[in-house]
Amino acid sequence: MRNKIAEKMLAFALTGALLGSLAGCGNSGAAASDAGEAGTQNAVENAEEKAEGQAEAVSGKEEEDGPYGRYPETVTLTRAQMTCAATQWENGDDETNNPWTRTALEEFNIRLEDAWAADGSQYAEKINLSIASQTLPDVFWVNANQFKQVTELGLVADLTQVYEQYASDTLKGIMDSDREAFESGKIDGKLMGISTQHFGVISQMNCVWIRDDWMQKLNLKAPETLEDVYEICRQFTQNDPDGNGVDDTYGLAVDKSLGSLYALMNSYHAYPKIWLNKEDGQIEYGVIQSEVRNALEAFQGLYTEGILSKEFAVADNAKMTEDLVSGKVGVAIWGSSFGYAPGIDVIKNNGEEAIFKSYALPSADAEAVKLAIDWPVGNYVVVNKNCQNPEAAIKMINLYTRVTNEGTAEEYNAFKNNERDWGAIPFQVQNPMADYNQYVEISAVQDSRDTSGLTPDQLGKYEHVIDWIDNKNPDSVGQYSQVSREGAYGVMKPFVDNEQYVRTAYKGVSTPTMVEKMSSLDAMRDEVFTKIIMGEDIGAFDEFVESWNSLGGEDITGEMNELYGN
Amino acid sequence: MKKSMGQKIFLAFNYAFLSLAGLLCLLPFINLLAVSLSSSSAVAAGSVSFVPKEFTLSSYQFVLHSSKFITAFFISLKRVLLGVGLNMILMICTAYPLSKGKKQLFAKPVYTWYFVITMLIGGGLIPTYLVIVKLRLIDTIWSLVLPGALPVYNMIILMNFFKSTPEELEEAAQIDGAGVWTTLWKVVLPISKPGLATVALFCIVSHWNSWFDGLIYMNNPRHYPLQSYLQTLVINPEQMLRISGGDYTKILAMVNARTGRAAQLFLGALPILMVYPFLQKYFSGGLLMGSVKG
Amino acid sequence: MKKKNMAEKLKRQLPLHLMLLPGVIFTFLFAYIPLYGIIIAFEDYNPLMGFSSPWVGLKHFRYVFGLPGFVNTIRNTLYIAVCKMAGGIVVPVTFALLLNEVANKTYKRGLQTLIYLPNFLSWVIVAGLLLDILSADGIVNTVLGFAGIEPIFFLGDKTWFPIVMILSDIWKGFGFGTVVYLAALTGIDPTLYEAAKVDGAKRWKQTLYITLPGIAPTVILMSVLSLGNVLNAGFDQIYNLYSPLVYETGDIIDTFVYRLGIEQAQYSPAAAVGIFKSGVSFVLIVLAYYLADKLADYHIF
């Protein structure tokens with residue numbers, strides 16, 4: 001209600017209409033001041049004086065209103081908090097009294113109140129109970145399925161107007177950097193939820209990691225084709241790269257989840273874990289495409305050659321990591337975080353020369369590689385439609401993005417270190433360009449060492465990069481392998497710039513059969529693929545496609561097309 | 001009386017089999033205890049069976065160091081005291097009249113069915129939640145105590161126990177001019193100790209062991225009773241270890257998700273293990289009178 | 001005259017009725033008022049409109065019966081529950097018979113205490129215990145490893161999961177049954193055994209002809225009473241141990257309702273399943289008490 005009046009008032013002010021007395025309660029927002037008409041101001045003020053009954057509503061706004069406008073009188077905003085066991089507050093702070101809550105009060109005059117707090121594992125359930133019992137707080141997070149529901153039930157406010165008016169430029173920039181994700185918060189053109197965004201497509205990408213000292217030792221050159229990568233694996237398997245005279249090494253790290261092989265399938269233009277928008281407009285799951293078959297045949301060959309561990313089918317992630325750390329295997333298909341784990345342990349165990357270097361995932365043929373990108377948005381910030389001050393939520397998001405992207409080092413530390421940024425839920429929105437920019441900025445000043453242009457998060461990583469370059473401190477190899485000029489993000493950046501990636505057609509809303517059966521279908525996929533790689537006839541893949549369809553896959557595909565199809 | 005050879009062999013096998021079964025009930029707990037008292041590396045290596053390896057109290061230090069466990073423990077304790085107290089009052093007050101004959105209690109079948117039907121059908125989780133919300137009990141200890149204030153099953157056990165007590169004593173008391181309350185307090189309850197102990201044990205156990213209502217009705221993990229808190233750990237044991245720095249560094253070196261969880265589970269089970277032997281002696285008798293002889 | 005009598009009788013009874021009042025009120029508040037919520041199964045429940053949401057009749061019943069996996073869920077529930085019930089009778093009866101042969105009182109008492117113990121621990125604790133001992137590097141797989149058996153992923157394997165549920169439930173509960181049957185055994189008239197001995201009947205013949213018939217009423221009674229649990233396959237246990245990997249064989253009605261209602265917020269369909277379950281259970285329980293009355297001459301009220 002209030003919101004609507006504010007909208008109207010804004011329109012009046014913009015057109016310069018002197019209708020303040022009619023408006024009853026006024027919004028003397030920034031736009032009104034910009035209109036520069038004293039008459040409007042006076043009219044509004046008069047209206048304020050008269051409108052006793054709406055005093056509270058009137059006082060909610062102030063002349064200098066905007067992204068960081070302060071309320072003249074304290075506004076209470078209830079929220080659903082998500083807590084993290086690892087959060088450590090300083091100086092006797094707790095989840096109800098900390099830098100976030102204090103800044104909200106001091107800067108905006110917003111008093112944050114926790115309607116409830118729940119661990120991440122209970123949060124969605126608590127939201128559903130709150131929906132059922134109509135005890136929803138003012139601001140809360142919903143996942144994609146709940147977003148669909150609360151909008152259908154009409155429980156949340158239309159944020160189109162307050163977003164336009166109050167979102168800071170930083171926030172708008174963050175939203176614009178992944179429009180598709182942002183647009184998923186719109187229903188029939190109205191902005192009903194603010195996507196919490198993500199760390200960028202770059203953070204989902206994989207590349208080839210190869211142990212550098214082994215490369216040097218065997219005189220191998222950087223791989224350009226997929227065959228080059230396989231040849232390096234072959235050499236690592238056969239030519240005793242660790243020089244201990246024992247045939248105890250192999251080429252490619254794989255565990256029973258087959259994760260690295262699924263990533264490697266992108267080289268064959270196969271996308272076994274995402275939903276594809278096909279040219280005919282249909283949506284289909286990538287795992288049943290014939291490209292997967294080709295990739296599996298190739299992997300079968302790798303296994304026969306001994307390039308994969310003989311025991312990969314029973315090796316869990318810990319075992320695979322152990323092989324990397326103990327120097328049994330020299331090539332991995334991994335994301336940009338390889339340098340952190342297992343990278344740090346690799347260096348500690350084998351010395352600084354044992355660093356793994358990153359190379360772009362090459363194509364199996366002439367066609368360029370595209371990397372599979374999963375749906376990145378986890379939650380939406382939504383505002384209860386009964387909330388008196390929906391713009392307060394936007395202001396809080398502005399605060400979070402300001403501290404995160406533009407804050408000083410001290411601010412960054414006080415608000416965010418030791419998992420303290422959980423205290424900003426549900427006002428947390430990530431910057432999809434943050435990681436990308438870290439690479440761009442840090443790699444640019446790696447030589448000049450001029451840190452004046454770096455933001456606190458960039459500076460933190462920069463210092464580790466330098467620490468590795470200068471001191472070869474193993475604990476800093478993660479940052480170096482990720483955001484330095486030689487890091488994985490450098491390898492991945494062209495994929496982002498040239499849009500060499502395939503986004504899934506799935507947008508977070510699950511279908512009934514998917515909820516019921518997807519896990520077992522995935523388990524069947526892993527089982528059959530493992531058998532094929534270990535030597536079973538490739539015909540098993542065709543049988544798998546048939547079973548996949550008959551055991552629920554076909555139903556899920558139908559539901560997916562109904563839900564997301566055009 | 002002499003035993004034949006066959007009987008001796010049977011007895012030997014019998015003892016062996018029963019002892020094995022007894023061990024089967026005990027060994028998992030001994031294993032859990034051993035895991036909780038071993039170092040994380042020994043546990044990770046899979047070498048811990050029934051004796052702690054690289055003995056350490058780090059896991060217990062870790063658990064007791066975090067205020068969460070202690071807080072949850074005391075919430076559970078409070079819940080048991082309040083809950084069982086209320087249970088006993090309501091059960092006695094309900095079971096005693098219902099143990100009377102139709103002649104002594106007008107509309108007895110109506111009362112009985114009124115209570116028994118609630119064991120058979122329920123409104124479900126959401127409607128119950130709505131009632132708790134409307135009564136403003138959410139996030140209070142009362143949301144854990146009031147909804148189950150009258151446990152019907154236990155009440156029936158107690159009712160059957162009251163039925164089996166000799167009528168003459170009550171009659172004698174009433175002839176002496178004692179009212180209903182006095183009779184109940186001075187005559188019936190003192191001779192019903194085994195029955196009361198039985199249902200009290202059931203109620204203690206049920207309150208101590210409840211976890212689901214805590215998850216649903218509490219608005220903050222800090223208000224969870226112990227079993228709800230433990231449940232979140234059982235589901236996700238790694239989360240408790242995502243604490244670093246300060247006093248924890250040294251302790252954490254010896255703890256992992258498995259040893260930490262084992263210590264918490266063991267501490268969570270401990271109160272029951274301690275109360276159980278004391279109440280157990282009343283127990284078989286009370287149970288039998290109540291539920292089987294009818 | 002009669003009326004006065006009645007009034008006087010009621011007056012004398014008044015304290016008893018007053019005694020019942022608190023129980024009646026609590027039960028009304030927390031058991032009867034929520035029953036009103038049953039109607040959401042017949043509505044498209046919209047929290048904004050509450051219980052006056054649009055009436056849709058049996059739509060949600062048709063919906064849930066058409067859901068993938070629902071029939072599967074009923075099958076799992078029946079399978080797990082019936083196996084638990086069967087095991088929950090056979091194992092304790094056997095134990096009671098064997099334990100009855102033991103002459104040493106202390107041993108008998110100690111063992112009873114021991115096997116009764118798991119019954120008193122919450123499923124949270126027992127689930128934690130199972131997660132630990134059944135994990136890939138847990139004690140069970142370590143022992144299997146000595147026998148040269150590859151580690152088994154007990155809780156993530158479709159075949160093993162229901163078996164683990166059944167066995168662990170029997171393990172947790174058999175002590176209770178044993179104590180009950182043992183008590184029933186002590187109730188058998190000792191003169192019957194004396195007479196049998198005089199006739200020269202062997203021990204196992206005594207068991208067959210005196211002991212078993214002696215506890216038969218209790219066995220029948222306990223079985224019949226558990227009939228009402230045919231659709232209760234154990235929410236506390238399964239919720240704390242299952243994962244999407246084992247939905248196919250491990251998902252039961254109660255976990256299904258929980259996921260539908262609380263995780264997916266499909267309140268009306270969840271209520272429909274709840275009513276279906278309540279209805280079937282109600283019929284079974286009434287049947288059970290009828291049978292208990294006929295077969296064992298037992299009535300709880």
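Letters A, B, ... mirror the listed sequences (proteins, then strands); counts begin at 1. None of these values were measured; they are calculated from a predicted model.
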Novice: Can you tell which part of C/N141 gets under 4.5 Å to a heavy atom of chain B, answering side chain, backbone, both or neither?
Specialist: neither
Novice: I'd like to know which of C/D132, C/I133, C/L111 tops the heavy-atom pair count under 4.5 Å against chain B.
Specialist: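 The residue among C/D132, C/I133, C/L111 with the greatest pair count is C/D132.
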Novice: Taking the six-membered ring for Trp, is the centroid-to-centroid distance between B/Y114 and C/F28 below 6.0 Å?
Specialist: no
Novice: Under a 4.5 Å heavy-atom cutoff, which of C/I115, C/T27, C/L18 has the most pairs with chain B?
Specialist: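 That would be C/T27.
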Novice: Roughly how far apart are C/L98 CG and B/L18 CG, rounded to 0.5 Å?
Specialist: 5.5 Å
Novice: Identify the two heavy atoms, one from B/A269 and one from C/L121, that lie closest to each other, and give their separation to 0.1 Å.
Specialist: CB-CD2, 3.6 Å
Novice: At a heavy-atom distance under 4.5 Å, which candidate from C/L131, C/N240, C/L241 has the highest pair count against chain B?
Specialist: C/N240
Novice: Please rank C/L21, C/V102, C/I33, C/I275 by heavy-atom pairs under 4.5 Å with chain B and give me the top one.
Specialist: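 Top option by heavy-atom pairs under 4.5 Å: C/V102.
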Novice: In terms of heavy-atom pairs under 4.5 Å, which option from B/T94, B/L23, B/N14 contacts chain C the most?
Specialist: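 Most heavy-atom pairs under 4.5 Å with chain C: B/N14.
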Novice: Take atom CH2 in C/W171; do more than 12 heavy atoms of anything else shown fall under 6.0 Å from it?
Specialist: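 More than 12 within 6.0 Å, yes.
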Novice: Once you round to the nearest 0.5 Å, how far does CG of B/L24 lie from CG of C/L114?
Specialist: 10.0 Å
Novice: Carefully, step by step, assess B/W211 and C/D236 under the rule side chain to side chain contact (heavy atoms under 4.5 Å, CB included).
Specialist: CA-CA 9 Å; B/W211 54 277; C/D236 284 10; 3.4 Å; yes
Novice: Sort B/L137 into side chain, backbone, both or neither according to what part of it lies under 4.5 angstrom from a heavy atom of chain C.
Specialist: side chain
Novice: Is C/I262 close to chain B through its backbone or its side chain, or both, or neither, when contacts mean heavy atoms under 4.5 Å?
Specialist: side chain
Novice: Does B/K103 offer a backbone N or O that forms a donor-acceptor pair with the side chain of C/Q13 under 3.5 Å?
Specialist: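 Yes, because the side chain of C/Q13 sits within donor-acceptor range (under 3.5 Å) of the backbone of B/K103.
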Novice: Which one wins on heavy-atom pair count under 4.5 Å against chain C: B/G124, B/G22, B/P147, B/G123?
Specialist: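 Max contact count across the listed options: B/P147.
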Novice: With a 4.5 angstrom heavy-atom cut-off, which part of B/I92 approaches chain C: side chain, backbone, both or neither?
Specialist: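 No part of B/I92 comes within 4.5 Å of chain C.
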Novice: With a 4.5 angstrom heavy-atom cut-off, which part of C/V24 approaches chain B: side chain, backbone, both or neither?
Specialist: both
Novice: Please classify the contact between C/S243 and chain B as side chain, backbone, both or neither, with a heavy-atom cut-off of under 4.5 Å.
Specialist: neither
Novice: Using a cut-off of under 4.5 Å for heavy-atom pairs, which of B/Y129, B/F29, B/F50 has the most such pairs with chain C?
Specialist: B/F29
Novice: Determine, stepwise, if the pair B/C25 / C/F174 fulfils side chain to side chain contact (heavy atoms under 4.5 Å, CB included).
Specialist: CA-CA 10 Å; B/C25 288; C/F174 84 99; 3.7 Å; yes
Novice: Which label fits C/Y258 and B/F212: parallel for a plane angle under 30°, tilted from 30 to 60°, or perpendicular past 60°?
Specialist: perpendicular
Novice: If you take all heavy atoms of B/T118 and C/A31, which pair is closest and at what distance?
Specialist: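 B/T118 and C/A31 have their closest heavy atoms at CG2-CB, 3.5 Å.
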Novice: Quick one: does any side-chain atom of B/N209 pair with a main-chain N or O of C/F120 as donor and acceptor, under 3.5 Å?
Specialist: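 Checked: pair present.
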Novice: Restricting to non-hydrogen atoms, name the atom on C/L20 and the atom on B/L105 that form the minimum distance, rounded to 0.1 Å.
Specialist: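 Reported closest heavy-atom pair: CD1-CD2, 4.1 Å.
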Novice: Give, for atom CD1 of C/I125 and atom CZ of B/F266, the distance between the pair rounded to the nearest 0.5 Å.
Specialist: 10.0 Å
Novice: Of all of B/L150, B/L265, B/L130, which one pairs up most often with chain C through heavy atoms under 4.5 Å apart?
Specialist: B/L265
Novice: Determine the minimum heavy-atom distance between B/Q231 and C/Y239, stating which atoms define it.
Specialist: NE2-CE2, 3.4 Å
Novice: Working to the nearest 0.5 angstrom, can you tell me the gap between C/H17 NE2 and B/F106 CZ?
Specialist: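 The NE2 atom of C/H17 sits 7.0 Å away from the CZ atom of B/F106.
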Novice: For each of B/T128, B/I132, B/L98, B/I216, tally heavy-atom pairs with chain C at distances under 4.5 Å, and name the one with the top tally.
Specialist: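 The candidate making the most pairs under 4.5 Å is B/T128.
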Novice: CG of C/N104 to OH of B/Y15: how many Å apart, nearest 0.5 Å?
Specialist: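 One finds 5.0 Å between CG of C/N104 and OH of B/Y15.
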Novice: What do you reckon, is CZ of C/F51 surrounded by more than 12 foreign heavy atoms closer than 6.0 Å?
Specialist: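 Yes, CZ of C/F51 has more than 12 neighbouring heavy atoms, counting only those of other groups under 6.0 Å.
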Novice: Given that the side chain runs from C-beta out, which part of B/I89 has a heavy atom under 4.5 Å from chain C: side chain, backbone, both or neither?
Specialist: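 Contact with chain C: none, neither part.
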Novice: What heavy-atom pair brings B/L184 and C/M19 nearest, and what distance separates the two atoms?
Specialist: CD2-CE, 3.8 Å
Novice: How many angstroms lie between atom CG of B/L230 and atom OG of C/S122, to the nearest 0.5 angstrom?
Specialist: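 Reported to 0.5 Å precision, the distance equals 7.5 Å.
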Novice: Taking the inter-plane angle between the rings of B/F17 and C/F95 on a 0 to 90° scale, is it parallel (under 30°), tilted (30 to 60°) or perpendicular (over 60°)?
Specialist: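 B/F17 and C/F95: tilted rings.
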Novice: Specify which of C/F282, C/Y36, C/Y32 makes the most heavy-atom pairs with chain B at under 4.5 Å.
Specialist: C/Y32
Novice: To check you understand the geometry: which heavy-atom pair defines the closest contact between C/Y107 and B/S19, and what is its length?
Specialist: OH-OG, 2.6 Å
